[in-house]
> 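Structure in structure tokens, see below.
Chain letters run A, B, ... following the sequence lines, proteins first, then strands; residues in each count from 1.
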2 protein chains.
Amino acid sequence: MFSLAEENYLKAIYHLEHENQGEVSTNAIAERMDTKPSSVTDMVQKLAEKEVLSYKKYKGTLLTPTGRKIAANVIRKHRLWEVFLVEKLNFHWDEVHEIAEQLEHIQSDELIVRLDKFLGSPDFDPHGDPIPDKHGNVKRTEKKLLSECEKNQRGVCVGVKESSGEFLQYLDKRKISIGTKIKVLGKEFFDGSMIIQVGSDQFFISQKIAENLYVQTN
Amino acid sequence: MFSLAEENYLKAIYHLEHENQGEVSTNAIAERMDTKPSSVTDMVQKLAEKEVLSYKKYKGTLLTPTGRKIAANVIRKHRLWEVFLVEKLNFHWDEVHEIAEQLEHIQSDELIVRLDKFLGSPDFDPHGDPIPDKHGNVKRTEKKLLSECEKNQRGVCVGVKESSGEFLQYLDKRKISIGTKIKVLGKEFFDGSMIIQVGSDQFFISQKIAENLYVQTN
DNA sequence: CTATATTTTTAGACAAGGGTAAAAATATTT
DNA sequence: AAATATTTTTACCCTTGTCTAAAAATATAG
């Protein structure tokens with residue numbers, strides 16, 4: 001099977017593939033894994049031999065379908081354990097990552113089948129990220145405007161509609177950028193304004209803002 | 001801190017110390033850990049440097065108080081996870097050992113505090129073994145005759161009262177020896193006979209037998 | 001289209017943990 | 001007590017995953 005180190009590489013490459021479409025560079029992996037490019041080259045060559053990724057010298061890597069499935073399964077385990085830690089052991093959602101990083105490598109398919117059932121087969125982890133199903137498939141949804149979201153919905157910022165300087169400056173001040181997770185805490189029907197959560201900050205936004213932000217929702 | 005391999009050595013030595021009183025031999029550790037004596041020597045010397053055990057060449061090893069505490073904590077985690085697997089995930093008690101062998105190495109004190117609370121601070125694991133408390137102390141109880149045990153009590157065989165050949169042969173046939181776990185499934189007041197469980201076997205024993213077996217109960 | 005900068009790979013080393021084979025110490029027989 | 005058997009240790013090699021330094025490939029600038 002795959003070692004702890006190998007699983008971590010596959011996971012990192014999986015995430016990098018989704019962030020920047022296309023080949024993943026050696027340096028990008030090294031930075032993500034907090035290791036040296038030379039170590040990455042070694043590991044990537046080993047994983048290519050195992051046919052979980054395709055690798056062309058100096059050209060970067062891509063997961064094979066097998067590799068993608070393995071990576072998705074590690075992520076599935078990570079996120080299920082996060083749900084367990086928050087829902088059952090009452091951890092706060094920002095305390096669970098490190099523990100889940102360890103738990104995700106526990107090897108037992110039956111354990112995960114039962115854990116999933118015990119948790120009620122959740123679709124999302126406590127951070128709002130989708131949990132891949134047992135085949136490694138992730139529910140991917142279409143983007144929509146933040147203003148179309150309902151109370152308690154979560155989304156990931158994937159773009160803006162109108163990109164004026166003032167608007168981008170506003171987003172910068174609010175620490176919103178591509179990939180930022182947003183949760184709608186409240187919505188006022190009268191004027192379409194919202195209270196949203198971004199990281200640990202909660203604040204008010206007008207309808208005009210909400211109509212200019214694209215999010216990918218759960 | 002201590003690596004996975006180091007924790008496993010400490011755990012094995014802890015158990016061996018309790019089984020055979022006194023120094024633990026290199027060969028005994030090697031056999032228990034399914035490794036070679038030469039590897040044991042290396043590791044034992046390393047652990048002696050770290051002052052978790054005392055080691056005299058050719059004389060065997062003993063855990064230091066620090067080492068014993070670390071080992072007891074690993075065992076605590078192992079047994080708490082076994083309770084989780086059986087009570088919450090509905091595994092059968094004989095399916096959980098391998099998974100718990102992995103889970104016992106997850107590093108997070110807070111996780112164990114919360115897991116323990118979630119499980120209702122159990123005193124025993126699903127096999128009937130006591131769970132060390134957070135300071136590494138194990139409830140040790142006095143031995144008594146099996147005949148003094150009540151229904152549903154569990155005990156570990158620690159000796160016999162009268163050791164005639166016939167009796168020892170009987171015990172051999174029933175696969176009962178020092179360390180064998182016994183659970184009282186039923187007790188007949190009329191004649192003091194019992195139905196007991198030994199491993200996965202269940203059978204009937206007379207009062208005469210029950211009065212000749214010493215057990216250490218929970 | 002060279003020259004320079006950056007990225008990536010190779011070569012060689014190291015630490016952890018484990019294995020083999022032989023030497024050294026201890027135990028057991030006779 | 002000497003001879004033999006067993007246990008334990010030593011010396012050396014292997015694998016995994018990492019690092020540093022230098023070489024090679026690619027990208028960027030002038």
> Nearest to the B:K36 side chain among D:dT9, C:dT8, C:dT20, which nucleotide is it?
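Among the listed nucleotides, the one closest to the side chain of B:K36 is C:dT20.
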> Once you measure the plane-to-plane angle for A:F84 and B:W81, does it fall in the parallel (<30°), tilted (30-60°) or perpendicular (>60°) bin?
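Judged by the thresholds at 30° and 60°, the geometry between A:F84 and B:W81 is tilted.
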> Under 3.5 Å, is there a donor-acceptor pair linking the side chains of A:H135 and A:N137?
no
> Whole Å only: how far is the CE atom of A:M1 from the C1' atom of D:dT16?
17 Å
> Please tell me which of B:Y58 and A:K57 maps to the more 5' nucleotide of DNA chain D, matching each residue to the nucleotide holding its nearest heavy atom.
B:Y58
> Whole angstroms only, please: what is the CG-P distance between A:D42 and C:dT9?
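It works out to 10 Å between those atoms.
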> Rounded to whole angstroms, how far apart are CG on B:L47 and C1' on C:dA16?
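Rounding to the nearest Å, CG of B:L47 and C1' of C:dA16 are 12 Å apart.
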> Would you please indicate if the ring centroids of A:Y14 and A:Y9 are separated by under 6.0 Å?
no
> Classify the side chain of B:S25 and the base of D:dT7 as holding, or not holding, a donor-acceptor pair under 3.5 Å.
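Counting by modelled atom types and ignoring angles, no donor-acceptor contact under 3.5 Å is found here.
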> Do the side-chain N or O atoms of B:Y55 get closer than 4.0 angstrom to the phosphate oxygens (OP1, OP2) of D:dT8?
no
> Taking CZ from B:F2 and P from C:dA16, how many angstroms apart are they, rounded to a whole number?
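In whole Å, C:dA16 P lies 13 Å from B:F2 CZ.
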> In whole angstroms, how far is the C1' atom of D:dT8 from the CD atom of B:E23?
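Answer to the nearest Å: 15 Å.
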> Round to the nearest Å and state the distance from A:M43 atom CE to C:dT8 atom P.
18 Å
> Just to confirm, is there a sub-4.0 Å distance from OP1 or OP2 of D:dT8 to any side-chain nitrogen or oxygen of B:N27?
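True: B:N27 side-chain N/O within range (under 4.0 Å) of D:dT8 OP1/OP2.
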> Is the shortest side-chain N/O distance from A:S38 to OP1 or OP2 of D:dT20 below 4.0 Å?
no
> Which of these nucleotides, C:dT9, D:dT9, C:dG18, is closest to any side-chain atom of A:Q45?
C:dT9
> Apply side-chain contact (heavy atoms from CB on, under 4.5 Å) to B:V83 and B:I131, showing your working.
CA-CA 10 Å; B:V83 173; B:I131 299 174; 4.0 Å; yes
> Describe the nucleic acid contact of A:S39 in one word from base, sugar-phosphate, nothing, applying a heavy-atom distance below 4.0 Å.
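If one applies the 4.0 Å heavy-atom cut-off, A:S39 turns out to touch a base.
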> May I ask you to evaluate whether A:Y9 reaches the phosphate of D:dT18, defined as a side-chain N or O under 4.0 Å from OP1 or OP2?
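It does, given that an N or O in the side chain of A:Y9 lies less than 4.0 Å from OP1 or OP2 of D:dT18.
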> Taking CD from B:E49 and C1' from C:dA16, how many angstroms apart are they, rounded to a whole number?
15 Å
> Counting side-chain heavy atoms from CB outward, which of C:dG18, C:dT9, D:dT18 is closest to A:T35?
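Nearest to the side-chain atoms of A:T35, counting from C-beta on, is D:dT18.
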> Going by distance alone, is a donor N or O of one side chain under 3.5 Å from an acceptor N or O of the other, for B:E82 and B:H78?
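Present: a donor and an acceptor within the cut-off.
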> Please report the distance, rounded to the nearest Å, between NZ in A:K56 and P in C:dT8.
17 Å
